[in-house]
Amino acid sequence: MSFWRGYRGFFRQILDTGTFAALRLQVRTGALHVLRSLSRRRSPDPVALFLANYAGDGVRLPDAGERPLALAAGRCVACGLCSLECARVGGRPPLDPREAVLAGSRLGIDLARLGLEGELAGGCDACRACEPLCPAAIPIARVQARLGGPEGAPPTL
Amino acid sequence: MSARVVVVGGGLAGASAALELAREGVEATLVRAEPGATALGWGTLDVAGAVPGSRRLRWRAPLREAPLVGADRLAILIGTFASHPYARVFGRDARSEAGAAAERVKEVVAALAAALAPHGLALEGSLDENRLLADAHGIVRVTDFVFGAAAGGNLAEVPEIAWVSLAGLPADPARVALRRLAAERAALGLTPVPARSVELRLPGALPLDSPARLAAALDRPEAFAELARAADAARPEAGAGRLWLFPPVLGLDRAAANLAALRERLGAPVAETLAAVPDATPGYRLHRALEAALAAAGVALRRGRVTRLESGGGRFRAVVFEDEVGEPVRLDADAVVLATGRFIGGGLRERGGAVEEPILGLPVVDGRGERVDGRPARASVRRRYLDLHPLFAAGVSSDARLRPTTGADASPVAPNLFAAGDLLAGFDPARDRTGLGVALVTGVVAARHAADAAREPDAP
């Protein structure tokens, strides 16, 4: 029983993802990952190795701009000072700055599951009034732009 | 030429140091990057909120068994914890010093209250009696001083409560908060009181999906009028003579005026609850009021991240910071006060498992006085979550004048460098709840010594 309990989160995740394509992707990458690690393919370039193994499954590397932003957003302490400053200066972002940063911290993960695609269109005005208030020095306007821009479209896994 | 002191840090320690320097007639410049932990507060200024490590004296102990007030807790902290910044600035002998310490704390709190009052933020309280304030979850906080709109919500005095919730605003359900409040009161040994929930329905034009947007909207008179009207209509539901406890959303810059207007209209005491972490409306108001007070006091305010201090002849001569566009700016200084905080403020940071002070690489010691810079800090963390972790009391060691000291022989790093607030080692603000109290007191003390050092550059 306890053996299966360990997998509950895994299956819950698959169910939450909701689409058969995602399910197939998860099972395929999950199963193949084991085989690939057994086959012990080697390459001097770990990035090339990753791509050779996983690009066909639709798993991609976070691009150069995405990873530092996700790391920066991951410093968020969720204090909400950005939201207060934004509200006071009359900003009208499609997504509240705190929510945007919390979503941005998962840029490399599965934004679709957060159900935010519809709300992210447009981005904020990038007035950057919120940024001096952030105790974690997160570039909030850039996170917003990343979420709202064309390349902000969520990766699938 | 008047003496120039540069204060580094955007929290209460830096602000109180800069305000004190302005009072001393010194040319004060405050350089800060972000507001730091001060702006994350739930609305109280705890001078000595709790005594850590003592079961009987914990702040949650029933009041009837241990009716300690702020002055008592301050005396115990000074007498028990020799490394505590309070012990450092007030002297260690609690019996002879505690009364004098309380008097000096009252003076600096009164000075801060006077500086903030013109900018719409009240600071009320006393070291001689406890205030019992509910937060937005219904949890009761015992405290000595409180900022602004929550000040009127002292549950030690007010018999009956009308707990206001705003329909649509994300919050704990009122019945959950009220049940929690009743349990908290019982744990504190207070008699149960009638409390009822009042739900206000505001017009859809108000942004009810976000507390931040609602608070900003209520700065507009026409939006606030809607809230006042809804509250007025709910008077029969609330009953007469009750304390109305609102969530902390009654405006940002105009919260005090809004509160006064509500009191008049409802003919009853009205207060906000304290904020529930992580909502920081009270901290944000404090930050705004501090900025206004600093500007009014004539402190030069600069935004940027300090990268280094220039020294010469055994003293620090200038502060170099990167401004908003990344250009280095150099400020001449006859003395420097570092009030850069700890891990939230950026005064300490983790690097490779060790802790370092990023501007000068000052020696960092943990709560036991052991060095944690340059070696893994794991030894300063205990296994159990609720243990006292020496790492959480880490900071720079200092002498009685709050000058950072070198690790080896405890001599000052420089005669004109001072430290204040959370950057100082020897206390864990999460455990003794002295964060803003230490910031305020050490800010003032460091500023006075810095002013002396700046005026007499050649004194030892």
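Bear in mind the structure is a predicted one, so any value in this text is a computation, not a measurement. Letters A, B, ... are given to chains in the order of the sequence lines, protein chains preceding strands, and every chain is numbered from 1. Quick note: numbers below take in every heavy atom, side chains included, and nothing from hydrogens, waters or symmetry partners.
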Tell me, side chain or backbone of [X] under 4.5 Å from chain A's heavy atoms, or both, or neither?
{"X": "B:D209", "answer": "neither"}
{"X": "B:I344", "answer": "both"}
{"X": "B:R305", "answer": "side chain"}
{"X": "B:A33", "answer": "backbone"}

Contact summary for [X] and [Y], nearest pair of heavy atoms:
{"X": "B:L40", "Y": "A:P135", "result": "CD2-CG, 4.1 Å"}
{"X": "A:G91", "Y": "B:R213", "result": "O-NH1, 2.9 Å"}
{"X": "A:L81", "Y": "B:A280", "result": "CD2-CB, 4.0 Å"}
{"X": "A:A137", "Y": "B:E34", "result": "CB-OE2, 3.3 Å"}
{"X": "B:A212", "Y": "A:A87", "result": "O-CB, 3.6 Å"}

note = When the 4.5 angstrom heavy-atom criterion is applied to A:R75 and chain B, the contacting part is neither

inquiry  = Taking every non-hydrogen pair under 4.5 Å, which of A:G80, A:G90, A:C134 racks up the most with chain B?
reply    = A:C134

message = Is there a side-chain contact between B:H287 and A:L133 in this structure, where contact means two heavy atoms from C-beta onward sitting under 4.5 Å apart?
response = yes

query = Within a radius of less than 6.0 Å around CZ of B:R308, do more than 12 heavy atoms belonging to other residues, nucleotides or ligands occur?
reply = no

request  = Look at B:P211, B:A39, B:A215, B:G36 and state which one has the largest set of heavy-atom pairs under 4.5 Å with chain A.
outcome  = B:A39

